[in-house]
Amino acid sequence: MRGRLAHVAGVVLPPVLMLGLLGLVWQALCSHPGSSLPPPSKVIDDTWELIIHPLYDNGGIDKGLFWHLFASLKRVGTGYLLAASCGIALGVLIGSSKWAMRALDPLFQVLRTIPPLAWLPLSLAAFRDGQPSAIFVIFITSIWPIIINTAVGVRNIPQDYRNVARVLRLNGFEYFTTIMLPAAAPYIFTGLRIGIGLSWLAIVAAEMLIGGVGIGFFIWDAWNSSLISDIILALAYVGIIGFLLDRAVAFTGKLIGRGTVSI
Amino acid sequence: MNAGKSEYLKIEHVCKTFGKGETRSEVLRDISLQVAKGEYIAIIGHSGCGKSTLLNIVAGLTEASSGYVFLEGREVHQPGPDRAVVFQNHSLLPWLTVYDNVRLAVDKLNSRKSSAERHEWTMRNLELVHMTHASKKRPGEISGGMKQRVGIARALAMSPKVLLLDEPFGALDALTRAHLQEEVMKIHAELGNTVLMITHDVDEAVLLSDRIVMMTNGPAAQIGELHEVALSRPRNRLELIADKTYIDSRARVLEFLHKKSHYVEAA
């Protein structure tokens, strides 16, 4: 019991102490009058209403932070799920066909270097609406690492596993489900994790431009109203949710990868 | 089908070359061999002589450049469960349990049988290699020798006409290897499988097989000599140490490997 307690303390104490230390430094640096950024005590003071009422809804964009984050997550979820399904399908295609790879790989290598926001004007022109444009930006941002990692995973399936499949005469579907997906799972989930990280990075920037409900526009709106404390609170939420998304994908990988995905 | 006893598995004038033009290399030249049903054949030769290529051609995993392989009078074109392979590095799927690795083969080949029957058949094959106790473990959690046992169970579960063993015990320590050799002998005695085994271990070849195929060195490896091991079964490793036939067989294979394998091509 004491050993366990000591272990928990050993894991929990260092980050808590570090956080406290950083808070103190921040407090010391920003406490003097005329400081351009608020100290932590003032941030909490200013945003207390937002912290304790995350669910309020006064219509329009005057909503609690929960609703802003929820709207952003919905966009990311839609775009990311589309990217995951298309990305894995395309990755399997270029991983298993030499000709598909030769035809598509150069194209993908160029397209993937385009910054997420550079797609936004084009998608606004195409969709003529902010909502699908933001989802498209998420999609196009997160699909590349998913495609590329899946393709590498499929190409790297050991010959031994292929031989097992050939001796057993597994058909295409059986090969896909029993050999290809589990064998490539570690790579696929690496791609999916990079993808979810990029989506969350892109959504904030995209929402700043398209406006409406969403954590990105909340931050932009706070900046326009000089509510620096609101921005800091929003950033904290963005960081925590980004971390949770990453862990969620990693956890799914562990669950589905049946021991082959070690994250 | 009037395939005679001695023509259960027939390898006829098989040649294999890799590459084209300048980089062309001849690996196997005119290999012919007839294997009777229930016979245990060991193929021995120096590494790189093309033993594995020959086994892969019989398995259908590699295509012969010319020549044919017949099994029960039918030509072999592609891999299939009637020629189950036990791979050198076991090739178990690491994300499946020991049970599921065998069950995968059982499910694929017995789709018309009931689930209970398939379960029974899976367990029976795991029993043959004494692996029922670890059926719920993953390949990563068991030893190299155990993995190879499961590989054998998976192959046996396919009820193959020919069992192809590609240096099955090559990566194991001497004691584990001896133990597995005993088990393979027992299984062979019980089920009467036709076996083609690749090895570079002279003792293993003499102890296990009815006939030893000695391959010359590559490139363009051929069958140098065939040696019949005239030992009765069951064989006991300890009793054989002083057995004249055993000693002679061993001497003959060793002599071939160390003296003759280089010169056959010139002869």
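The sequence lines fix the lettering, A, B, ..., with proteins before strands; numbering per chain opens at 1. Quantities reported herein were computed from a predicted structural model and do not represent experimental measurements.
- Ion pairing between a basic and an acidic side chain is recognised when a charged N comes within 4.0 Å of a carboxylate O; Arg74(B) and Glu72(B) show no such pairing.
- In this structure, Tyr99(B) has its ring center under 6.0 Å from that of His119(B).
- The number of heavy atoms from other shown groups lying within 6.0 Å of CD (Gln109(A)) is above 12.
- The aromatic rings of His188(B) and Tyr40(B) lie perpendicular to each other, with more than 60° between the two planes, well past the 30° mark.
- Between Tyr161(A) and Trp95(B), the distance from one ring center to the other falls under 6.0 angstrom.
- When heavy atoms are compared at a cutoff of 4.5 Å, Asn56(B) does not approach chain A at all.
- Although no hydrogens or angles enter the test, the distance criterion places no donor-acceptor pair under 3.5 Å between the side chain of Thr23(B) and the main chain of Gly19(B).
- Closest approach of Thr199(B) to Glu204(B), counting heavy atoms only: OG1-OE2, 2.8 Å.
- Interface residue Ala105(B): backbone and side-chain heavy atoms are both found under 4.5 Å from chain A.
- Residue Gln159(A) does not touch chain B at all, counting heavy-atom pairs closer than 4.5 Å.
- Interface residues of residues 148-172 of chain B toward chain A, defined by a heavy-atom distance below 4.5 Å and sorted by number: Arg154(B), Met158(B).
- When each of Val35(B), Ile41(B), Leu71(B) is tested with Thr194(B) by the rule side-chain contact (heavy atoms from CB on, under 4.5 Å), just one qualifies, namely Val35(B).
- Between chain B and the options Val167(A), Val164(A), Asn171(A), the largest number of non-hydrogen pairs under 4.5 Å is found for Val167(A).
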